[in-house]
Amino acid sequence: MTGGPHLAPSGAQHRIVHGDHQAVITEVGATVRRYRLGDWDVLDGFGVDEMCSGARGQSLIPWPNRLRDGRYTFAGAELQLPLSEPGAHNAIHGLVRWAPWTAADGDESWVRMEHVLHPQAGYPFTLQLTIEHRLDHDGLTVTTTARNAGSEPCPYGTGAHPYISVGTDTVDPAVLTAPGRRRLVTDDQSIPVGSEPVDGTEHDFRIPRPIGDTQLDTAYSDLERDADGWAHVRLEAPDGRRAVDVALDPRHRHLMLFTGDSLADADRRRRGLGVEPMTCPPNALQTGEDLEVLAPGESCTTRWRITPSTGRRGR
């Protein structure tokens with residue numbers, strides 16, 4: 001007996017279009033699986049018949065990055081999360097990136113995905129979540145809102161995990177500009193143990209330069225910002241014909257850059273640059289640093305956006 005219709009590993013596919021811009025948002029994780037401008041893959045995403053790997057395009061809620069040993073204390077309760085990075089004995093990237101989300105609204109150029117994160121072991125809180133992906137003539141804007149739908153305060157952080165590409169075979173020749181003034185120094189669990197200025201180090205990309213052979217799995221803080229409080233990461237092709245700007249709103253106080261050298265699939269390493277907006281640093285559930293505490297009924301809204309350009313204004 002034959003089975004039913006083939007289901008994509010990432011569930012239903014929601015395609016949005018604006019002019020030459022096209023993106024695909026998936027049911028699983030409300031993930032940005034693909035973003036193209038014309039024939040250019042702005043994101044190093046994944047195929048419709050593939051399972052997401054390397055967290056590419058996923059949303060990281062209710063904490064980004066890593067939590068040492070999956071343990072933290074909140075409101076006097078000691079809590080233990082599943083060790084989703086067992087090799088390093090960490091909990092990583094939140095609880096919703098493999099969950100099914102529902103397309104609640106939208107039209108040709110935007111879609112709003114919704115999910116309720118119900119109480120569970122290690123996170124006994126209720127969050128009503130929406131993520132809106134919207135295309136316009138400038139690019140893709142992602143707006144994330146979390147509302148505490150429970151009766152007690154809850155800890156909250158968020159982040160995202162796109163890998164950007166300017167069409168080079170690897171990121172090595174691409175020219176990077178990044179806003180971090182300080183980088184977090186980490187231990188063998190990739191947990192911060194301090195920070196230091198980037199001045200004069202290989203981690204300083206405030207002045208544009210090729211990535212070269214630099215290996216980045218680096219969290220940054222003290223971000224340089226524009227007049228509106230947004231921080232910007234720019235990746236440009238060596239010939240200058242393609243560039244991608246990733247902008248982080250003021251609530252994204254931290255940034256991770258990742259060249260993918262540790263990815264399990266060797267063929268995916270250094271193909272795209274992971275640019276990860278984060279509202280709080282790694283291990284924030286333990287340290288409390290820049291962690292949001294939402295009162296019952298309180299919401300937190302954050303935005304980040306991707307603006308690709310081909311050297312021709314008005315695109």
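Counting from 1, the numbers follow the sequence of the chain as shown.
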I'd like to know if the side chain of [X] reaches the main chain of [Y], judged simply by a donor and an acceptor atom lying under 3.5 Å from each other, with no hydrogens or angles considered.
{"X": "Asp265", "Y": "Arg269", "value": "no"}
{"X": "Glu276", "Y": "Met256", "value": "no"}
{"X": "Asp217", "Y": "Phe258", "value": "no"}
{"X": "Thr31", "Y": "Thr26", "value": "no"}
{"X": "Tyr72", "Y": "Thr287", "value": "no"}
{"X": "Asp204", "Y": "Arg206", "value": "yes"}
{"X": "Gln58", "Y": "Ala160", "value": "no"}

(message) Can you confirm whether Asp169 is buried at CG, in the sense that more than 12 heavy atoms of other residues, nucleotides or ligands lie under 6.0 Å from that atom?
(response)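 Not buried by this count: 12 neighbours or fewer within 6.0 Å.
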(request) Step through the shown structure and confirm whether more than 12 heavy atoms of other residues, nucleotides or ligands are within 6.0 Å of CZ on Arg303. (result)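 No, not enclosed.
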(request) Before giving the answer on side chain to side chain contact (heavy atoms under 4.5 Å, CB included), spell out for Val32 and Leu43 the whole-Å C-alpha distance, their side-chain angles and the decisive distance to 0.1 Å. (result) CA-CA 9 Å; Val32 187; Leu43 296 186; 3.6 Å; yes
Carboxylate-amine/guanidinium contact [X] [Y], below 4.0 Å:
{"X": "Arg68", "Y": "Asp187", "result": "yes"}
{"X": "Glu196", "Y": "Arg183", "result": "yes"}
{"X": "Asp44", "Y": "Arg271", "result": "yes"}
{"X": "Arg36", "Y": "Asp41", "result": "yes"}
{"X": "Glu78", "Y": "Arg71", "result": "no"}
{"X": "Arg181", "Y": "Asp222", "result": "yes"}
{"X": "Asp249", "Y": "Arg251", "result": "no"}

So, for [X] and [Y], which heavy atoms are closest and what is the spacing to 0.1 Å?
{"X": "Gly167", "Y": "Arg242", "value": "CA-NH1, 3.8 Å"}
{"X": "Phe74", "Y": "Pro153", "value": "CE2-O, 3.4 Å"}
{"X": "Leu81", "Y": "Ala121", "value": "CD2-O, 3.9 Å"}
{"X": "His252", "Y": "Arg225", "value": "O-NH2, 2.6 Å"}
{"X": "Ile131", "Y": "Ala30", "value": "CD1-CB, 4.2 Å"}
{"X": "His93", "Y": "Pro64", "value": "ND1-C, 4.3 Å"}

[Y] and [X], any side-chain heavy atoms less than 4.5 Å apart:
{"X": "Phe205", "Y": "Tyr220", "answer": "yes"}
{"X": "Pro173", "Y": "Pro210", "answer": "no"}
{"X": "Val48", "Y": "Arg33", "answer": "yes"}
{"X": "Pro308", "Y": "Thr310", "answer": "no"}
{"X": "Val96", "Y": "Trp101", "answer": "yes"}

(message) Quick one about Asp245 and His232 (side-chain donor to acceptor, distance below 3.5 Å, no hydrogens or angles considered), yes or no?
(response)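 Asp245 and His232 do have a side-chain donor-acceptor pair below 3.5 Å.
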(message) Within the 3.5 Å criterion, strictly below it, is a donor on Thr145 or Thr301 matched to an acceptor on the partner's side chain?
(response)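 Yes, a side-chain donor-acceptor pair sits under 3.5 Å.
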(request) Report the C-alpha distance between Gln13 and Ser10 in whole Å, list the side-chain angles of each, state the deciding distance to 0.1 Å, and finish with yes or no for side chain to side chain donor-acceptor pair (under 3.5 Å). (result) CA-CA 8 Å; Gln13 310 288 302; Ser10 54; 2.9 Å; yes
(request) Decide side chain to side chain donor-acceptor pair (under 3.5 Å) for Asn90 and Gln189; before the verdict, give the C-alpha distance in whole Å, the side-chain angles of both, and the deciding distance to 0.1 Å. (result) CA-CA 7 Å; Asn90 293 321; Gln189 283 181 265; 3.2 Å; yes
(message) Does Ser221 form a side chain to side chain contact (heavy atoms under 4.5 Å, CB included) with Leu223? I'd like the steps, not just the answer.
(response) CA-CA 5 Å; Ser221 62; Leu223 308 181; 5.6 Å; no
(request) Kindly determine whether Thr168 and Arg270 satisfy side chain to side chain contact (heavy atoms under 4.5 Å, CB included), including the steps that lead there. (result) CA-CA 10 Å; Thr168 52; Arg270 302 188 72 85; over 6 Å; no
[Y] reachable from [X] in the ILVMFWY side-chain graph, under 4.5 Å edges:
{"X": "Trp110", "Y": "Leu135", "value": "no"}
{"X": "Val175", "Y": "Ile164", "value": "no"}
{"X": "Leu285", "Y": "Leu79", "value": "yes"}

(message) For Ile191 and Thr186: C-alpha separation, side-chain torsions, deciding distance, then whether side chain to side chain contact (heavy atoms under 4.5 Å, CB included) applies.
(response) CA-CA 5 Å; Ile191 300 296; Thr186 58; 5.8 Å; no
(message) Can you classify the ring geometry of Phe125 versus Tyr123 as parallel (below 30°), tilted (30 to 60°) or perpendicular (above 60°)?
(response)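 Aromatic pair Phe125/Tyr123 classed perpendicular.
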